[in-house]
Amino acid sequence: MQHRGTGQSGHSGTGSGQRDYSRDAVRRIGRVFGMTANPALGYASDLLVRLGGMTILSETSEVYGAEHLLTRRAKTPAIGQKLSDRIHWWEDYAERNGGEMDNNPSSGNRRGGLTTILEKSLGAVAKGGTAPLCDVYKYGERIDNKGFVFMDSPGFDPCSFTGQVDSGANLIVFTTGRGSVSGYQPTPCIKLATNSEMYARMAEDMDLNCGDIITDGVSTEDKSEELFEILSRVASADKTNSEELGFGGVEFVPWQVGAAM
């Protein structure tokens, strides 16, 4: 299973009704992102690892500043050093291409309520649960380990997904706070809504609402078990909502030459 999510996707939705882009509304979205879907996905990742599965966290540029939360979980010092080496490579890569790793979040991130890239990194790491970090892989490298692993990639969603599918992911879990109509064929994409407001508008394209962790007091553990059941059904040939709608046919995007954050 590959897991990650933008949380602040700028894509238009397929649901009815008008989006609320007021300052208060987008701040609510930004706050709940790291409190609902991401931790629930982390719990589900841990469940899958305990049962002998493999989960992949990626997007190196989006864990920047919080990588110590991953390296301290590495099974060996050498594995932790592999992630640190990728971070250093990215710092050099960004500098050579006129960029900065600690730059301000994108306009979509800011509209989603994030104030710094480090704030986003903390939310990204939450998707990785608490299992030991078993290995670190380069982009598209075949993953030969079970357990929780990290694959190096840019933060650009289609590029990251393409690399992870090439590495061996056969399920994608995508958390989003502002809505996304992506699908990432040919791998099934399970989409988690971080807030109930967006889910109400886009229920036909979201596979699970995690906003009820806040609105209804559902526990993160219960929500993760609900997600795990969806993972099991999709792995057994049930279709995701994106598949039913036919989304995701144009999102094969290998890592291109040049700076891709």
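Here the side chain of N209 pairs a donor or acceptor atom with the backbone of G211 at under 3.5 angstrom. Put simply, the side chain of T162 gets close to the backbone of P158: a donor and an acceptor are under 3.5 Å apart. At distances below 3.5 Å, not a single donor-acceptor pair connects side-chain atoms of Q185 with backbone N or O atoms of V250. With hydrogens and angles disregarded, no donor-acceptor distance shorter than 3.5 Å links the side chain of T220 to the backbone of I213.
Across A131 and V49, no two heavy atoms sit closer than the pair CB-CG1, 4.1 Å. A44 and L227 get closest at one heavy-atom pair: CB-CD2, 3.7 Å. In terms of heavy-atom proximity, A37 sits nearest to T194 at CB-CG2, 3.7 Å. Of all the heavy atoms in T187 and A169, the pair that sits closest is OG1-O, 4.0 Å. Smallest separation of non-hydrogen atoms from R178 and M198: C-CG, 4.0 Å. When all heavy atoms of S224 and A40 are compared, the pair lying nearest together is CB-O, 3.3 Å.
One distance of note links CD of E62 with CE of M101; it measures 10.0 Å at 0.5 Å rounding. A distance of 12.0 Å separates CD1 in I79 from OG in S84, rounded to the nearest 0.5 Å. Between the OG1 atom in T130 and the CG atom in D46 there is a gap of 3.5 Å [rounded to 0.5 Å]. One finds the NZ atom of K146 at 11.0 Å from the CG atom of L51 (value rounded to the nearest 0.5 Å). To the nearest 0.5 Å, the span separating NZ on K138 from OG on S153 amounts to 14.5 Å. Rounding to the nearest 0.5 Å gives a distance of 11.5 Å between OG1 of T240 and CG of L231.
At least one side-chain heavy atom of L171 sits less than 4.5 Å from a side-chain heavy atom of P188. You'll find the side chain of Y139 reaches within 4.5 Å of the side chain of C159, heavy atoms only. Considering only heavy atoms from C-beta on, N195 stays 4.5 Å or farther from T36 through its side chain. Between D157 and E59, the closest side-chain pair of non-hydrogen atoms falls below 4.5 Å.
Linking ILVMFWY side-chain heavy atoms closer than 4.5 Å, directly or via other members, places I87 and V149 in a single hydrophobic cluster. Tracing side-chain contacts under 4.5 Å through hydrophobic residues (I, L, V, M, F, W, Y), one reaches L122 starting from V125; they form part of the same cluster. V136 and L69 fall within the same hydrophobic cluster, where Ile, Leu, Val, Met, Phe, Trp and Tyr residues are linked whenever their side-chain heavy atoms come under 4.5 Å apart, directly or through other members. W255 and F252 fall into different hydrophobic clusters, defined by Ile, Leu, Val, Met, Phe, Trp and Tyr side-chain heavy atoms under 4.5 Å apart, directly or through other members. By the rule that hydrophobic residues join a cluster once side-chain heavy atoms approach within less than 4.5 Å of another member, V173 and L47 end up as members of one cluster.
Using a 30° and 60° split on the angle between ring planes, Y93 and W89 fall in the parallel class, below 30°. Note on ring orientation: taking the six-membered ring where Trp is involved, the planes of F161 and Y184 are tilted (angle from 30° to 60°).
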query = Going through the distances and angles, do I190 and L208 end up as a side-chain contact (heavy atoms from CB on, under 4.5 Å)?
reply = CA-CA 8 Å; I190 298 166; L208 182 64; 5.7 Å; no

query = How far apart are the C-alpha atoms of M151 and E141, what are their side-chain angles, what is the distance that settles it, and do they pass the side-chain contact (heavy atoms from CB on, under 4.5 Å) test?
reply = CA-CA 8 Å; M151 189 207 77; E141 183 179 1; 6.0 Å; no

query = Are I56 and Y137 close enough, and set up right, to give a side-chain contact (heavy atoms from CB on, under 4.5 Å), and what steps lead you there?
reply = CA-CA 10 Å; I56 312 169; Y137 294 85; over 6 Å; no

key: side-chain contact (heavy atoms from CB on, under 4.5 Å) evaluation trace for V63 with F150   = CA-CA 11 Å; V63 303; F150 188 90; 4.1 Å; yes

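Sequence neighbours left out, the pairs with a member in residues 79-94 that pass salt bridge (Lys or Arg N to Asp or Glu O under 4.0 Å) are K82-D135, R86-D152, D92-R96.
When the options T176, D207, N241, D205 are evaluated for a side-chain hydrogen bond (donor to acceptor under 3.5 Å, both in side chains) with K191, the one that passes is D205.
Looking at residues two or more places apart in sequence or on another chain, you find a salt bridge (charged side-chain N to carboxylate O under 4.0 Å, His left out) between K223 and D212, E226.
Using modelled atom types and a 3.5 Å distance limit, the side chains of T175 and K127 yield no donor-acceptor pair.
Within a 6.0 Å radius of CD in E95, no more than 12 heavy atoms belonging to other residues, nucleotides or ligands are found.
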